[in-house]
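First up is the structure itself, then whatever we jot down about it.
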Amino acid sequence: MRLTLRRPLVLAVAAVLAVTGCGQASSGSGPGPGAATVPALHDALPQQVKDSGVIRFAGDSHPPYRTVGADGTSVTGIDKDFQDALGRVLGVRTQTVVVSNLPAALQGMLSGRYEAFNGPVKATAEREQQFDSITWMTTRTSYVVPAGSTAGIKTVDDLCGKRVAVVSASIVEEQLNKLSQYCTGAGRAPTTTIGLADTNATMLAAQSGRADAAGMTQAAAIDVTTAQTGAFTYVTQTEAQGATADNLALLVPKTSGLGPVLRDAFQALFDSGEYRQIMQKWGLTDVTVEKPLLNVATSR
């Protein structure tokens, strides 16, 4: 039923952008000039969000998407940039509440502690039974190896029989399972999965020798290797090795009514050019999408 509002909202967004172009930030502090507040989208927000004036995003530690400061609460990264921009378009503040892992984010949303989670999380038909998903980027899975490693990992094939640390219940763990199947299908030893709470923990495992490599999204691998030049290398899983270019999405509970509104707010960022600006800032132009997609897994 909520989807019947889509066409008028999209037209309203286009009309406002045509008139205002770039505008002043009404909430947060985005990465630069971008789309102005769209009154039609603010009006379409759930009443609870309009009353509170804030959208609470759950977020675990996952650089470069979210880098949690030493105080345990301040957050920088891709998510902060996009959340600031979305808040500006919607005319509300955004807040990141740091959680320990993906299950905590999902359960927290369902219990009403948070309104949204910006991932990176794969859009799946199973998840879309409870959550609206807004796909805003794609990714592949990469594996980061410390430069001084003696594990002999030069290609993805070299991961067969090796210990790989990944975030538990993540898209990367799913891709690692496919890589392990590829290894056994080729007559080689399977990979050993070491499931941990967050990306920082997987990196520590690889650096300490507890794991031979740390699995993460390609975007995260790019961030790690460029931030510490020469300290790490990475290899990227191919389709022949079981990988897929997966849709990464923002999730909100279906019952909230917030999903279609956030999708249209993302569209405003695409229309203003701010989406591409943020992706360029983080070196992620090769994993952009042409437009934000609502519930892509169940709409195929």
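Values in this document were obtained by computation on a predicted structure and should not be read as measured data.
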ask   = Taking only residues two or more places apart in sequence or in another chain, which ones pass side-chain hydrogen bond (donor to acceptor under 3.5 Å, both in side chains) with Thr202?
value = none

inquiry  = One thing to verify: whether Asp84 and Lys80 come together as a salt bridge, which I'm taking to mean a side-chain N less than 4.0 angstrom from a carboxylate O.
reply    = yes

request  = Name all residues meeting the side-chain hydrogen bond (donor to acceptor under 3.5 Å, both in side chains) criterion together with Ser74; count only those two or more places apart in sequence or in a different chain, and write none if there are none.
outcome  = Asp71

task = Enumerate the residue pairs fulfilling salt bridge (Lys or Arg N to Asp or Glu O under 4.0 Å) with a member in residues 182-198, sequence neighbours excluded, ordered by first and then second residue.
result = Asp157-Arg188

task = Tell me, please, which residues at least two apart from Glu174 pass side-chain hydrogen bond (donor to acceptor under 3.5 Å, both in side chains).
result = Lys122

key: Qualifying residue, where the test is side chain to side chain contact (heavy atoms under 4.5 Å, CB included) with Val89 and the options are Leu41, Leu262, Thr37   = Leu41

Would you be so kind as to tabulate the donor-acceptor pairs closer than 3.5 Å made by side chains of residues 211-225, with sequence neighbours excluded?
unit_1: Asp212; atom_1: OD1; unit_2: Arg163; atom_2: NH2; d: 3.0
unit_1: Asp212; atom_1: OD2; unit_2: Arg163; atom_2: N; d: 2.8
unit_1: Asp212; atom_1: OD2; unit_2: Arg163; atom_2: NE; d: 3.3
unit_1: Thr217; atom_1: OG1; unit_2: Tyr65; atom_2: OH; d: 3.2
unit_1: Thr217; atom_1: OG1; unit_2: Ala220; atom_2: N; d: 3.3
unit_1: Thr225; atom_1: OG1; unit_2: Ala221; atom_2: O; d: 2.9
unit_1: Thr225; atom_1: OG1; unit_2: Ile222; atom_2: O; d: 3.2

message = Within the 3.5 Å criterion, strictly below it, is a donor on Gln241 or Thr238 matched to an acceptor on the partner's side chain?
response = yes

query = Is the backbone of Ser133 close enough, under 3.5 Å, to the side chain of Asn295 for a donor and an acceptor to pair up by distance?
reply = yes

message = I'd like to check the side-chain contact (heavy atoms from CB on, under 4.5 Å) partners of Thr288; sequence neighbours left out, ordered by chain and number.
response = Tyr275, Arg276, Met279

All pairs passing disulfide (SG to SG under 2.5 Å) where residues 60-101 contributes a residue, at least two apart = none

inquiry  = Is there a path of hydrophobic side-chain contacts, each under 4.5 Å between heavy atoms of I/L/V/M/F/W/Y residues, joining Leu159 to Tyr234?
reply    = no

query = Does Thr298 offer a backbone N or O that forms a donor-acceptor pair with the side chain of Glu128 under 3.5 Å?
reply = yes

message = Going by salt bridge (Lys or Arg N to Asp or Glu O under 4.0 Å), name the pairs with one or both residues in residues 95-119, residues two or more places apart or in two chains.
response = Arg56-Glu115

task = Name all residues meeting the side-chain contact (heavy atoms from CB on, under 4.5 Å) criterion together with Gln129; count only those two or more places apart in sequence or in a different chain, and write none if there are none.
result = none

key: Contacts of type side-chain contact (heavy atoms from CB on, under 4.5 Å), residue Gln228, not counting sequence neighbours   = Ala231, Phe232

inquiry  = Testing the 3.5 Å rule here: is there a donor-acceptor pair between the side chains of Asn177 and Glu173?
reply    = no

query = Would you say Thr94's side chain and Gln83's backbone share a donor-acceptor pair under 3.5 angstrom?
reply = yes

ask   = Would one find more than 12 heavy atoms of other residues, nucleotides or ligands at under 6.0 Å from atom CD of Gln280?
value = yes

task = Check side-chain hydrogen bond (donor to acceptor under 3.5 Å, both in side chains) between Thr67 and all other residues, then give those that pass, not counting sequence neighbours.
result = none

key: Partners passing side-chain contact (heavy atoms from CB on, under 4.5 Å) against Leu110 (at least two apart in sequence or in another chain)   = Gln107, Gln130, Phe131

